[in-house]
Amino acid sequence: MMPEPQEQQKSKKLGGVCASVAIAVLFAVIVTWTFSSEPSSRRMLILSALGSGIVVLAAISGWQHKAGRRTFSRVVTDSFLSSVAGNTSEGRAAPPLKIPSRKQQLLRSLAAAIGIWTITLGLVVMAMGEPQRPSEVERIHSVGAKFANAEIVRVTDVEFHDPSRGKSYYTATATVRLPARGGENSITANVKPESSAPLRRGDGVPVLYAPKDPSLGAVAGSKDQLIHKVRGDTLPSQVKWILLGVWAVGILGGIALVYGSLGLRGFGRLGRRDRAVRGKCLGAAAFRSKPGGSNGQTNEGAKRTLAIETDADVTAHFIVDLSEGDLPESIKGESLWLCWDVLRGSREGRFSLSGTPAALVADSGWVLHGMLPSVESKELAPVSIPVEKGGTSSNEASLKLWDPRSLWPTYIGRPTLIVFALIMSCSALMTFEVPTSWRWAVGIASPFLVLMLAGLYLSDIRPSDRRKS
């Protein structure tokens with residue numbers, strides 16, 4: 001396999017390292033915030049992890065300053081030229097049995113789906129939680145906290161609350177007599193309990209207090225209500241499990257989304273389930289699935305594709321997110337093999353898969369992974385050949401993966417990096433005691449920050465206008 005230019009090798013390596021660190025930082029922050037019960041060490045660990053994230057952004061900025069930032073279209077062209085440089089193959093009589101795998105592309109897509117969902121939910125979780133024990137609970141906890149049932153000696157300021165959602169309840173200011181140790185006089189404290197009925201003198205209410213120093217006062221609430229605050233947890237246990245379930249459902253949704261759009265196959269070894277057809281690249285084209293197709297597809301939005309004119313005079317559409325402004329001129333008219341998984345998406349039905357993993361293997365040596373519409377894979381099946389029987393392993397060493405998105409540190413924009421930094425700053429802010437209004441602001445803003453991040457990245461990979469001028 002031909003070596004890549006040194007700059008592209010460094011960019012790919014930097015991208016892999018930065019992506020791995022970013023995912024590790026993301027999970028470290030969420031896991032530490034959710035499950036750590038020591039406020040001081042929790043803050044230190046989270047801030048340390050976020051500091052590693054800032055180092056990642058600094059590394060990308062430093063790389064762009066050194067190597068120069070390029071537009072996505074320029075990166076596509078440069079990576080294409082490096083994938084064909086030095087390859088003098090003039091034709092391939094048979095499709096290869098082994099091609100460069102797309103595992104890294106699948107991992108990037110999965111990491112992006114999981115990361116975006118985790119960032120969105122993670123900021124909400126951090127905004128909901130409490131970074132420190134409440135001051136009154138902290139004072140009591142510092143000398144040894146205990147739950148007890150205290151007798152009310154006086155009740156004032158009784159109020160009835162009837163929210164539009166949830167059950168109605170009463171609040172009051174109650175003076176309670178705290179349990180005393182043997183030989184000591186009991187001490188009273190003021191608490192603000194909630195109850196389903198009006199409280200009266202002589203009633204008992206659950207409180208948290210310090211038996212060694214009752215003068216510190218008390219906090220109204222049962223063990224179930226206050227135990228997470230005493231332990232130093234950011235959230236009650238039941239809320240943690242609910243959020244964990246919501247996160248898991250979102251992760252499964254992200255995996256299903258990637259599976260539906262890309263398939264979860266590395267597509268590096270071709271065999272009995274794969275077929276191939278000889279063709280020629282015509283350039284970029286928009287593809288819209290046919291309404292009422294044989295696989296039950298409906299008329300979906302147009303997709304970016306490369307049009308492939310096959311030797312059987314059937315035009316196929318290779319789905320890949322590249323447009324006319326991205327493509328090098330030399331790709332048009334190049335002879336190649338179109339290979340695809342004939343089994344995936346072959347079933348009939350309303351929920352059948354709309355695409356199947358596919359790859360273009362050009363005579364000049366580059367390999368591009370994408371998808372082939374299932375309806376077209378069925379149309380091409382009769383005029384294609386089984387790769388297992390007609391394939392060859394004689395030219396595998398000359399093949400080179402064309403994967404421009406692996407060079408993302410080169411083309412990602414500065415505004416995108418700034419939004420990343422803003423998200424990490426919001427996470428850092430949530431580890432401190434800030435007003436509730438600020439926490440609500442971060443929680444509400446988190447989906448918009450993620451949408452902004454996605455929008456900026458899409459603007460980073462939009463085609464350049466230089467070919468249209």
Side-chain angles (χ1 to χ4, degrees), residues 29-49 125-159 169-196 199-241 243 428-439:
V29 169
I30 298 303
V31 170
T32 303
W33 176 261
T34 306
F35 296 104
S36 174
S37 297
E38 182 52 49
S40 58
S41 62
R42 177 173 59 225
R43 176 186 293 167
M44 181 182 67
L45 289 172
I46 290 176
L47 293 180
S48 298
V125 170
M126 294 190 76
M128 291 172 56
E130 296 178 281
Q132 302 288 331
R133 297 183 185 92
S135 57
E136 62 272 19
V137 174
E138 179 63 37
R139 289 196 301 270
I140 295 171
H141 173 268
S142 63
V143 296
K146 182 179 179 180
F147 290 95
N149 198 52
E151 179 186 358
I152 296 177
V153 296
R154 187 162 64 97
V155 179
T156 58
D157 302 328
V158 178
E159 294 184 23
Y169 62 97
Y170 290 86
T171 60
T173 299
T175 302
V176 298
R177 182 178 290 111
L178 300 178
R181 293 186 297 182
E184 295 182 359
N185 295 326
S186 61
I187 293 179
T188 60
N190 291 329
V191 295
K192 295 183 179 296
E194 294 182 5
S195 59
S196 57
L199 294 173
R200 295 179 176 83
R201 181 178 179 180
D203 290 343
V205 293
V207 296
L208 175 75
Y209 79 112
K212 294 181 180 180
D213 190 0
S215 63
L216 293 175
V219 178
S222 65
K223 184 174 183 179
D224 290 341
Q225 294 171 327
L226 297 178
I227 188 60
H228 74 281
K229 296 183 179 181
V230 176
R231 286 197 302 249
D233 295 347
T234 56
L235 295 164
S237 296
Q238 60 270 28
V239 175
K240 290 181 184 179
W241 290 111
L243 291 172
L429 180 65
M430 292 300 97
T431 65
F432 295 90
E433 292 185 89
V434 296
T436 303
S437 58
W438 279 99
R439 308 195 75 87

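All values reported here derive from a predicted model rather than from experimental measurement.
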Kindly compute the distance separating [atom1] ([X]) from [atom2] ([Y]), expressed to the nearest 0.5 Å.
X: Met44; Y: Glu38; atom1: CE; atom2: CD; answer: 10.0 Å
X: Leu235; Y: Phe35; atom1: CG; atom2: CZ; answer: 10.0 Å
X: Gln238; Y: Asp224; atom1: CD; atom2: CG; answer: 8.0 Å
X: Leu199; Y: Arg154; atom1: CG; atom2: CZ; answer: 14.0 Å
X: Glu136; Y: Leu216; atom1: CD; atom2: CG; answer: 11.5 Å
X: Ser142; Y: Lys212; atom1: OG; atom2: NZ; answer: 10.5 Å

Only residue of Gln132, Glu138, Glu130, Arg133 satisfying side-chain contact (heavy atoms from CB on, under 4.5 Å) with Lys229 is Glu130
Any heavy-atom pair between the side chains of [Y] and [X] that's under 4.5 Å?
X: Val239; Y: His228; value: no
X: Val125; Y: Ile30; value: no
X: Val434; Y: Arg439; value: yes

Going through the checks in order, is the side-chain contact (heavy atoms from CB on, under 4.5 Å) test met by Tyr209 and Val191? CA-CA 11 Å; Tyr209 79 112; Val191 295; over 6 Å; no
For Lys240, look at atom NZ and say whether over 12 heavy atoms of other residues, nucleotides or ligands are found less than 6.0 Å away.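 It does: Lys240 NZ has more than 12 such atoms within range.
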Taking atom CZ of Arg200 as the centre, report whether more than 12 heavy atoms of other residues, nucleotides or ligands fall under 6.0 Å from it. no
Nearest heavy atoms of [X] and [Y], plus distance in Å:
X: Val219; Y: Ile140; result: CG2-CD1, 4.1 Å
X: Met126; Y: Val29; result: SD-CG1, 3.9 Å
X: Pro214; Y: Ile187; result: CB-CD1, 3.8 Å
X: Gly144; Y: Pro211; result: O-CD, 3.4 Å
X: Ala150; Y: Val207; result: CB-CG2, 3.9 Å
X: Pro39; Y: Gly232; result: CG-O, 4.2 Å

Counting only pairs under 3.5 Å, give me each side-chain donor-acceptor contact of residues 169-180, with atom names and distances, residues two or more places apart or in other chains.
| from | atom 1 | to | atom 2 | distance (Å) |
| --- | --- | --- | --- | --- |
| Thr171 | OG1 | His161 | NE2 | 2.9 |
| Thr173 | OG1 | Lys192 | NZ | 3.0 |
| Thr175 | OG1 | Asn190 | OD1 | 2.8 |

List the steps and the verdict of side-chain contact (heavy atoms from CB on, under 4.5 Å) for Ser237 and Arg231. CA-CA 11 Å; Ser237 296; Arg231 286 197 302 249; 3.4 Å; yes
